[in-house]
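Values in this document were obtained by computation on a predicted structure and should not be read as measured data. A, B, ... follow the sequence lines: proteins, then strands. Residue 1 opens every chain.
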2 protein chains.
Amino acid sequence: MTARVESDANQTGADRISDAEHAVMEALWAKSPQTAAEVCEEVCGQRGWSMPTVKTLLSRLVQKGALATQPDGRRFLYTPLIARSAYVGTESKRLVERLFGGRAAPLLAHLAENEALTADDIAEIERLLAELKK
Amino acid sequence: MTARVESDANQTGADRISDAEHAVMEALWAKSPQTAAEVCEEVCGQRGWSMPTVKTLLSRLVQKGALATQPDGRRFLYTPLIARSAYVGTESKRLVERLFGGRAAPLLAHLAENEALTADDIAEIERLLAELKK
DNA sequence: GCATTCAGATTACAAACGTAATCGTTGAAC
DNA sequence: GTTCAACGATTACGTTTGTAATCTGAATGC
């Protein structure tokens with residue numbers, strides 16, 4: 001029972017969530033709590049996974065302190081312990097840090113060049129900026 | 001001489017560049033061509049790596065088609081085969097895809113919330129948007 | 001009560017990654 | 001010519017990740 005580090009549940013900077021794990025988190029962010037079977041129903045199709053795979057990912061996420069379990073009869077209900085917004089926030093920041101020296105503007109520039117910006121996006125961003133300046 | 005897949009040199013979507021590898025790429029994007037020793041001089045300090053580590057990373061990047069080598073006497077000069085802008089572009093897109101359903105605006109919103117946007121950034125983004133609309 | 005089934009837990013295993021030591025070769029110094 | 005140092009190449013090895021099979025214990029049907 002080697003009492004691992006645990007804690008760090010809310011800090012997104014905690015144990016890194018892998019790509020596959022992220023898919024599971026998304027399912028639970030969309031709706032929680034859910035059982036393993038329910039999560040599988042959502043992701044197994046999309047990613048071509050089998051039940052055991054989802055179980056493994058869920059367990060790892062619990063170990064990492066990203067999910068909480070609450071017993072429901074003989075199975076578990078899983079609930080995110082870290083907020084999606086926190087995760088998304090740190091992930092975004094990481095990227096901006098790594099690729100753009102922490103400046104967000106060049107990111108936007110790149111998205112623009114790569115046609116990753118729709119007209120709607122542009123409009124919305126302008127709204128956001130207006131908000132920010134108020 | 002098992003002629004691997006190779007090719008896919010310019011497609012950033014090729015073999016994924018890992019985090020450690022990325023550090024090496026940055027050094028070469030900053031200045032190229034460079035020898036292994038020169039690259040090490042730049043990154044070994046920052047990341048606490050030793051020469052062999054850099055050599056390994058360089059080799060893997062060559063295997064992945066991300067770097068080209070040109071012999072210079074008895075050593076190699078390494079040059080990026082994929083452009084930084086391409087790499088940065090796909091990486092950004094990946095993130096936006098994964099976390100924001102492909103929409104860039106929510107990304108910006110998050111950066112804003114997390115104080116990741118400086119006043120300068122905002123100004124610059126506005127300039128960019130103005131450009132885009134022209 | 002006993003077999004079946006269905007959860008989670010444990011174990012597995014290959015690929016990728018991070019980090020590096022060692023090997024083999026070859027030019028350079030003497 | 002022989003030794004040495006400096007390269008790249010090969011090998012190594014623990015960890016993380018992706019993906020899953022198997023085990024174990026308990027609820028459930030009969």
Side-chain angles (χ1 to χ4, degrees), chain A residues 1-2 4-5 8 13-28 33-41 43-79 91 94 98, chain B residues 1-2 4-5 8 13-28 33-41 43-79 91 94 98:
Chain A
M1 204 184 272
T2 39
R4 295 220 48 185
V5 174
D8 260 323
D15 269 316
R16 222 146 144 50
I17 290 174
S18 83
D19 227 57
E21 286 161 2
H22 173 235
V24 168
M25 290 303 288
E26 285 294 346
L28 285 161
Q34 285 187 87
T35 66
E38 286 167 334
V39 171
C40 183
E41 225 166 297
V43 297
C44 285
Q46 286 157 43
R47 316 261 306 201
W49 288 341
S50 61
M51 193 51 180
T53 299
V54 173
K55 298 267 187 78
T56 301
L57 294 172
L58 285 170
S59 298
R60 286 181 185 167
L61 284 166
V62 170
Q63 266 175 37
K64 291 186 181 179
L67 291 181
T69 53
Q70 101 200 57
D72 168 50
R74 57 215 227 60
R75 62 230 166 111
F76 279 155
L77 292 180
Y78 296 88
T79 317
E91 275 319 283
R94 255 176 62 86
R98 223 167 54 94
Chain B
M1 204 182 273
T2 39
R4 295 220 47 186
V5 174
D8 259 322
D15 269 315
R16 228 151 137 51
I17 290 175
S18 83
D19 227 56
E21 287 161 2
H22 172 236
V24 168
M25 290 302 288
E26 286 294 347
L28 285 161
Q34 285 186 86
T35 66
E38 286 167 334
V39 171
C40 182
E41 226 167 297
V43 297
C44 285
Q46 287 156 42
R47 315 263 304 202
W49 288 341
S50 61
M51 193 51 180
T53 299
V54 173
K55 297 269 187 75
T56 301
L57 293 171
L58 285 168
S59 297
R60 286 181 184 165
L61 284 166
V62 170
Q63 266 176 38
K64 290 185 182 179
L67 291 180
T69 53
Q70 100 202 55
D72 167 52
R74 57 217 230 57
R75 62 227 165 115
F76 279 155
L77 292 179
Y78 296 88
T79 317
E91 276 317 286
R94 255 177 62 87
R98 226 167 52 94

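- Here D/dA9 presents its P atom at 14 Å from CG of B/Leu57, a figure rounded to the nearest Å.
- Summarising the geometry of A/Met51 relative to A/Cys40, their closest heavy-atom pair is SD-CB, 3.5 Å, with the distance given to 0.1 Å.
- Computed from coordinates, the A/Gln46 CD to D/dG18 P distance equals 16 Å when rounded to whole Å.
- The interatomic distance linking B/Glu38 (CD) with D/dG8 (P) rounds to 11 Å, in whole Å.
- For A/Arg60 against D/dT19, a side-chain-to-base donor-acceptor contact under 3.5 Å is present.
- Using a 4.5 Å heavy-atom cutoff, the side chains of B/Leu58 and B/Leu28 are in contact.
- Shown here for A/Met25 and A/Ala66, the closest heavy-atom pair between the two residues is CE-O, 3.6 Å.
- Nearest heavy-atom pair, A/Ala23 versus A/Val43, reported as atom, atom and distance to 0.1 Å: O-CG1, 3.8 Å.
- Chain A approaches DNA chain C within less than 4.0 angstrom (heavy atoms of the protein), and the contacting nucleotides run 5' to 3' from C/dC6 to C/dA12.
- Between A/Thr53 and D/dG18 there is no side-chain polar atom (N or O) within less than 4.0 angstrom of OP1 or OP2.
- Between A/Lys55 and the phosphate of D/dG18, there is no side-chain N or O to OP1/OP2 separation shorter than 4.0 Å.
- D/dA20 atom C1' lies 14 Å from atom CG of A/Leu58, rounded to whole Å.
- Residue-level contact check: B/Arg74 touches the bases, meaning some heavy atom is under 4.0 Å from a base atom.
- Whole-Å rounding puts the A/His22 NE2 to D/dT17 C1' distance at 16 Å.
- Note: CG (A/Leu61) to P (D/dT16) measures 15 Å, nearest angstrom.
- Applying the side chain to side chain donor-acceptor pair (under 3.5 Å) criterion to A/Glu26, with sequence neighbours excluded, gives A/His22, A/Arg84.
- Within the 4.0 angstrom heavy-atom criterion, only backbone atoms of the sugar-phosphate kind lie near B/Ala36; the bases stay farther away.
- Contact annotation for A/Thr35: no contact, since no heavy-atom pair falls under 4.0 Å across all strands.
- Within 6.0 Å of CZ in A/Arg98 there are more than 12 heavy atoms belonging to other residues, nucleotides or ligands.
- If you measure from atom CG of B/Asp19 to atom C1' of D/dT16, you get 13 Å, rounded to the nearest angstrom.
- When the P atom of D/dG8 is taken as reference, atom CD of B/Gln63 falls 15 Å away, rounded to whole Å.
- A/Glu21 contributes no side-chain N or O that, together with a main-chain N or O of A/Arg60, makes up a donor-acceptor pair within less than 3.5 Å.
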